[in-house]
> 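Right, I'll just put the structure down here and ask away after.
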Amino acid sequence: LGSVLVLAAFYVGLGLWTNSRVPLQTVVAGIDVGGMDHASAEQAVERAASAAQEPMRLTTPESDFEIVPADAGINVDVNATVSQIANGGWMPVDILDWFYGSQDIAAVTAVDQPLLTGYVSNLADQLLEPAREPVLEFVGVTPTVRDGRDGRRLNASQTEDALVTQFLRPRTTIPAPFETDPPQVS
């Protein structure tokens, strides 16, 4: 009877311990959080979320623009990311899985769509190059034609997609996706 009580106490203690900590082989957003208590794991993910706020660089043929993701409404949803971590259980298989199972959890990106749309719209306004229409001019009685040229405008939806897609990746330059805006008269 004494050994059954000792074994039961050990099992309950082990269950309590494994349920209070992240399973051993757990990686969240590239960070090893295995064995941490849940609060420490959340803090580690918050630090990674802060690092993800390094500026992204949108490049055009003329210049580069630094974009701080939070300013554009792009963040890591720490709570949603951490909530993906599987909790332990009381079944023997759950406890074994705590020691020997593995989890590789991706960070959850939170996008404030109205803020992102407004940010990209403002950027598109800055980068807009209107088309120049051809003009027929007279110098004295001699007609001359000044050719038109294509304009360009930022493709807003492709820019939004590129910013969200590149947010959690190592920082590289993002080429600005432009569309050609031809003159109305050719």
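Below, all heavy atoms of this structure are taken into account, side chains as well, without hydrogens, waters or symmetry copies.
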> Shared ILVMFWY cluster between Val22 and Tyr100, side chains joined below 4.5 angstrom?
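Cluster IDs for Val22 and Tyr100 differ.
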> What distance separates Leu24 CG from Gln103 CD, expressed to the nearest 0.5 Å?
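Leu24 atom CG to Gln103 atom CD measures 11.0 Å (nearest 0.5 Å).
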> Determine the minimum heavy-atom distance between Pro55 and Pro69, stating which atoms define it.
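What the structure gives for the nearest pair is CA-CD, 4.3 Å.
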> Can you tell me how far apart CD1 (Ile105) and OG (Ser83) are? Round to the nearest 0.5 Å.
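These two atoms lie 8.5 Å from each other.
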> Enter the distance from Thr109:OG1 to Ile74:CD1 here, rounded to the nearest 0.5 Å.
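Atom-to-atom, Thr109:OG1 and Ile74:CD1 are 8.5 Å apart.
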> Side-chain contact, heavy-atom cut-off 4.5 Å: Pro143 with Val145?
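Not touching, per the 4.5 Å side-chain cut-off.
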> Can you tell me how far CG of Leu116 sits from CG of Asp161, rounded to the nearest 0.5 angstrom?
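Atom-to-atom, Asp161:CG and Leu116:CG are 9.0 Å apart.
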> Grab the two heavy atoms, one from Leu58 and one from Ala176, that are nearest each other, plus how far apart they are.
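For Leu58 and Ala176, the tightest heavy-atom pair comes out as CD1-CA, 3.8 Å.
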> What I'd like to find out is whether the side chain of Pro183 reaches to under 4.5 Å of the side chain of Asp150, using heavy atoms alone.
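Sidechains of Asp150 and Pro183: in contact.
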> Whether the side chain of Gln184 engages the backbone of Glu133 through a donor-acceptor N/O pair (distance < 3.5 Å, no angle test) should be reported.
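The answer is no, because no donor-acceptor pair under 3.5 Å joins these two groups.
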> Please report the closest heavy-atom contact between Glu66 and Arg57, naming both atoms and the distance.
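That would be OE2-NH2, 3.0 Å.
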> Nearest heavy-atom pair of Arg152 and Pro61: which atoms, and what distance?
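Here Arg152 and Pro61 meet closest at NH1-CD, 3.6 Å.
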> Between Val76 and Ala52, what is the shortest heavy-atom contact and its length?
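Heavy atoms of Val76 and Ala52 come nearest at CG2-CB, 4.3 Å.
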> Dump the intermediate steps for side-chain contact (heavy atoms from CB on, under 4.5 Å) on Phe178 and Leu154, then the final yes or no.
CA-CA 4 Å; Phe178 284 106; Leu154 190 66; 4.3 Å; yes
> Do Asn79 and Glu42 have side chains that approach each other closer than 4.5 Å (heavy atoms only, starting at C-beta)?
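Contact flag for Asn79/Glu42 side chains = yes.
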> Please report the interatomic distance CD(Gln53) to CZ(Phe167), rounded to the nearest 0.5 Å.
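Answer rounded to 0.5 Å: 5.0 Å.
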> Going by atom types alone, do Asp104 and Gln25 pair a side-chain donor with an acceptor below 3.5 Å?
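Short answer, no.
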> Check for a donor-acceptor pair, side chain of Thr81 on one end and backbone N or O of Val108 on the other, with a separation under 3.5 Å.
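It does hold such a pair.
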> Just wondering, do Val120 and Leu163 contact through their side chains at under 4.5 Å, heavy atoms?
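Answer yes - side chains close enough.
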> Suppose the criterion is salt bridge (Lys or Arg N to Asp or Glu O under 4.0 Å): which pairs have a residue in residues 171-183, not counting sequence neighbours?
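Applying salt bridge (Lys or Arg N to Asp or Glu O under 4.0 Å) to every pair that reaches into residues 171-183, excluding sequence neighbours, yields Arg153-Glu179, Arg153-Asp181.
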> Same cluster or not: Ile85 versus Ile95, using hydrophobic residues (I, L, V, M, F, W, Y) connected whenever any side-chain heavy atoms lie under 4.5 Å apart?
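In one cluster: no.
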> Considering only heavy atoms from C-beta outward, does the side chain of Phe65 approach that of Gln126 to under 4.5 Å?
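Of all side-chain heavy-atom pairs linking Gln126 with Phe65, at least one is under 4.5 Å.
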> If you round to the nearest 0.5 Å, how far is CG of Asn122 from OG1 of Thr117?
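One gets 12.5 Å once the value is rounded to the nearest 0.5 Å.
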> Considering only heavy atoms from C-beta outward, does the side chain of Ile67 approach that of Ile174 to under 4.5 Å?
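Sidechains of Ile174 and Ile67: no contact.
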> Taking Thr60 for its side chain and Glu62 for its backbone only, find out whether a donor-acceptor pair lies under 3.5 Å.
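Yes.
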> Within the 4.5 Å heavy-atom criterion, are Gln43 and Met36 side-chain neighbours or not?
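No, too far: nothing below the 4.5 Å cut-off.
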> Give me the atom names and distance for the closest heavy-atom approach of Ile31 to Ala48.
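The pair with the smallest heavy-atom distance is CD1-CB, 3.0 Å.
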